[in-house]
Amino acid sequence: MKETLLEVTDLVVKYKTDLETVSAVNGISFNLNKGETLGIVGETGAGKTTTALTILKLLPERVGIIENGRILFEGKDLLSLSERDMMKMRGDKISMIFQDPMSSLNPVHTIGAQIAEALKLHNEKNRTKEQLETRVDEVLEMVGIPPSRKGDYPHQFSGGMKQRVVIAIALACEPDLLIADEPTTALDVTIQAQVLMLMRELRDRLQTAMILITHDLGVVAQMCDRVAVMYAGELVETGTLKDIFTGERHHPYTKGLFGSIPKLNGESKSPLSPIEGLMPDPTDLPAGCSFYPRCPHASEQCLLKQSDAILSSTHTVRCRLFGKEA
Amino acid sequence: MEKLQPILETKNLKKYFNVNAGILHAVDDISVSIMPRKTLGVVGESGCGKSTLGRTILRLIEPTSGEIFFKGEKIVQSKSARMREMRMKMQIIFQDPYSSINPRMTVSEIIAEYMLFHKLYRSKAEVWNRTAQLMNTVGLARRLANAYPHELDGGRRQRIGIARALSVNPEFIVCDEPVSALDVSIQAQILNLLLELQKEFGLTYMFITHDLSVVKHISDEIMVMYLGQCVEKAPADDLFRNPRHPYTKALLSAIPVPDIRTRDKEIITIKGEVKSPINPTAGCRFAGRCEFADNRCTQTDVPLTIIGQNHLCACVRAKEI
């Protein structure tokens with residue numbers, strides 16, 4: 001039996017401003033075992049990034065409000081930790097890689113200094129200055145950047161190299177959990193392949209658990225063990241990679257997502273089967289199932305609050321089509 | 001039967017930019033021809049010159065040298081009045097629908113603008129009728145006629161861009177990454193729309209994108225660009241079944257496929273990154289990253305050669321690897 005690393009229960013997050021309240025995350029629960037990779041897939045505005053920011057408690061102050069829920073990391077409740085204790089977690093136990101490597105690096109510091117920063121802040125092994133520098137070299141080598149370039153500034157690197165630096169910073173302290181928010185979306189496809197290979201290799205070597213947030217089902221298929229499909233702040237379907245990518249029984253939204261991707265082995269110029277309509281406005285979500293306005297199987301029952309149907313011990317779908325049966 | 005004439009043809013088209021560091025070869029010797037009702041897909045990574053190519057063809061950027069023929073007419077030297085007429089037949093849809101439409105105009109004003117400019121109709125009423133009809137064609141609800149672009153989502157804004165391009169009854173449209181900024185479910189809606197419009201109005205597209213699965217889906221023929229040059233050109237199915245250039249091979253193998261059976265397939269990763277297009281040296285521009293490169297690759301430029309039916313490839317070792 002694998003050990004649970006992270007457990008999120010009934011998480012509800014809202015952004016409140018004077019004008020409106022945005023329901024970004026509406027009661028999601030999932031857990032992650034040590035060394036496992038969970039993919040969170042969904043479209044813009046589904047609440048993927050908000051979920052990640054909530055785990056790190058990086059929501060914008062006063063606006064982003066955690067209304068309900070519990071986040072247990074190695075048995076500790078993150079939401080009750082003080083900011084001081086949380087700072088010890090970030091970068092040491094839990095790290096995050098953001099989508100845009102250009103804006104997550106500081107342009108006026110050398111990359112060596114930026115990697116060393118994380119190491120200095122979490123210097124539990126009491127490394128000396130020289131030892132820290134050696135570690136910086138090690139980390140750079142690990143992500144495939146010659147250590148001789150540690151005195152260079154971010155603008156001297158290309159996009160793919162910058163993302164490698166960001167990965168180096170995130171992994172410098174060998175965290176237990178790495179949250180990667182669209183880590184390759186801003187990169188070209190050949191560079192994306194390089195970065196994904198690197199992440200896969202490092203994850204396997206360091207046994208890091210990972211939450212990979214992406215909109216690209218292709219990336220999920222190559223990287224993840226388990227998948228959670230997110231729509232309008234809810235997890236509409238969760239399962240192992242096999243549960244989601246094979247079989248017939250899926251949430252209509254998951255089916256729509258797969259139908260929208262042009263197939264490489266498909267017939268050219270044949271029409272796709274997209275999902276009609278748009279994602280609902282998060283300030284005014286429909287009652288019941290949030291997908292029913294776009295769903296081909298919608299009926300009156302969909303107006304009621306939906307619960308998860310358990311299809312197997314690993315596969316759940318939040319849709320009335322599947323009833324409550326196991 | 002008369003021989004079909006290509007809608008658009010370029011011959012040795014070049015666009016160089018003078019920059020501080022030297023001469024940037026954005027588009028270097030591109031010759032294409034697109035037959036009526038067909039789609040040429042142009043793929044490549046950022047900075048390979050694909051957008052510059054699209055804009056140069058419409059003379060939104062003046063070419064440095066080379067020829068462009070639209071239905072057999074040379075347009076490089078055309079006077080601006082003639083060019084204005086030509087542009088009714090050749091339109092462009094941009095990547096970012098928000099920065100390519102005026103935020104202070106309503107949806108119907110944006111769509112009507114080109115028709116008013118080109119004085120296509122005698123009365124305003126006819127223009128508004130046509131606008132309503134176009135909105136219907138691209139799937140925009142009538143109630144949005146007086147909305148402003150900021151009130152709409154990306155997919156709808158892209159539909160405005162498409163309606164505007166269609167308003168002057170073009171025959172040829174350059175689609176410059178029209179779906180790259182959109183979510184996958186919306187992307188599929190727009191791709192379907194473009195395919196329907198092509199069938200209905202007999203349009204010819206040049207479809208520029210970095211997304212290989214999209215280009216496969218929409219194109220009849222595909223051209224792969226690398227640092228301003230065409231490295232391989234072939235019918236879409238042929239290119240995907242039988243890629244010959246090492247760059248194309250790497251590009252195709254790097255696509256993450258949403259299928260778990262291919263999870264452990266070997267990915268041909270290419271080392272390093274794209275080199276600078278400024279003052280490129282002679283020889284194959286991909287040679288520095290290519291695992292098959294030998295001394296033949298770096299001595300002289302590698303021309304595009306025919307290696308199969310309609311299949312062109314610029315690689316000295318295309319036959320052996």
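All chains are named by letter (A, B, ...) in the order of the sequence lines, taking the proteins before the strands, and each is independently numbered beginning at 1.
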Value for OG1 (T190(A)) from CD1 (I255(B)), rounded to nearest 0.5 Å, stands at 11.5 Å
Specify which of A188(B), G155(B), A236(B), G47(B) makes the most heavy-atom pairs with chain A at under 4.5 Å. A188(B)
At a 4.5 Å cut-off on heavy atoms, which part of L195(B) comes close to chain A: side chain, backbone, both, or neither? side chain
The single option from L191(B), L193(B), N192(B) that satisfies side-chain contact (heavy atoms from CB on, under 4.5 Å) with P274(A) is N192(B)
Can you say whether M279(A) sits under 4.5 Å from chain B via the side chain, the backbone, both, or neither, judging by heavy atoms? neither
Quick one: what part of L212(B) sits under 4.5 Å from any heavy atom of chain A, side chain, backbone, both or neither? both
I'd like to verify something: which residue of L252(B), D220(B), I186(B), L182(B) has the highest number of heavy-atom pairs under 4.5 Å with chain A? D220(B)
Scanning both residues in full, the closest heavy-atom pair of V184(B) with E43(A) reads N-OE2, 3.9 Å
Interatomic spacing from CG in L264(A) to OG in S213(B) - rounded to 0.5 Å: 5.0 Å
Under 4.5 Å heavy-atom distance to chain B, tell me which part of K263(A) shows up: side chain, backbone, both or neither. backbone
For chain A, find which of I218(B), L194(B), D211(B) contributes the most heavy-atom pairs closer than 4.5 angstrom. I218(B)
side-chain contact (heavy atoms from CB on, under 4.5 Å) with P256(B): which of V219(A), L217(A), T184(A)? V219(A)
Distance only, no hydrogens: is a donor on one side chain within 3.5 Å (strictly under) of an acceptor on the other, for S260(A) and Q187(B)? no
If I measure from the heavy atoms of chain A, does R261(B) come under 4.5 Å with its side chain, its backbone, both, or neither? neither
For S270(A), is it the side chain, the backbone, both, or neither that has a heavy atom closer than 4.5 Å to a heavy atom of chain B? both
Structural part of T39(B) lying under 4.5 Å from a heavy atom of chain A: both
Nearest heavy-atom neighbours spanning A221(A) and D259(B): CB-N, 3.7 Å
How many angstroms lie between atom OG of S185(B) and atom CZ of F258(A), to the nearest 0.5 angstrom? 14.0 Å
If you count heavy-atom pairs under 4.5 Å between each of E196(B), K199(B), E45(B) and chain A, which one has the most? E45(B)
So which residue, S219(B), A254(B), G139(B), ends up with the most heavy-atom pairs under 4.5 Å with chain A? A254(B)
Looking at CG of L187(A) and NE2 of H210(B), how far apart are the two atoms once the value is rounded to the nearest 0.5 Å? 10.5 Å
Evaluate K242(A) against I260(B) for side-chain contact (heavy atoms from CB on, under 4.5 Å), listing each step before the verdict. CA-CA 7 Å; K242(A) 205 166 159 236; I260(B) 51 175; 4.1 Å; yes
Taking every non-hydrogen pair under 4.5 Å, which of L257(A), L278(A), V220(A), I261(A) racks up the most with chain B? L278(A)
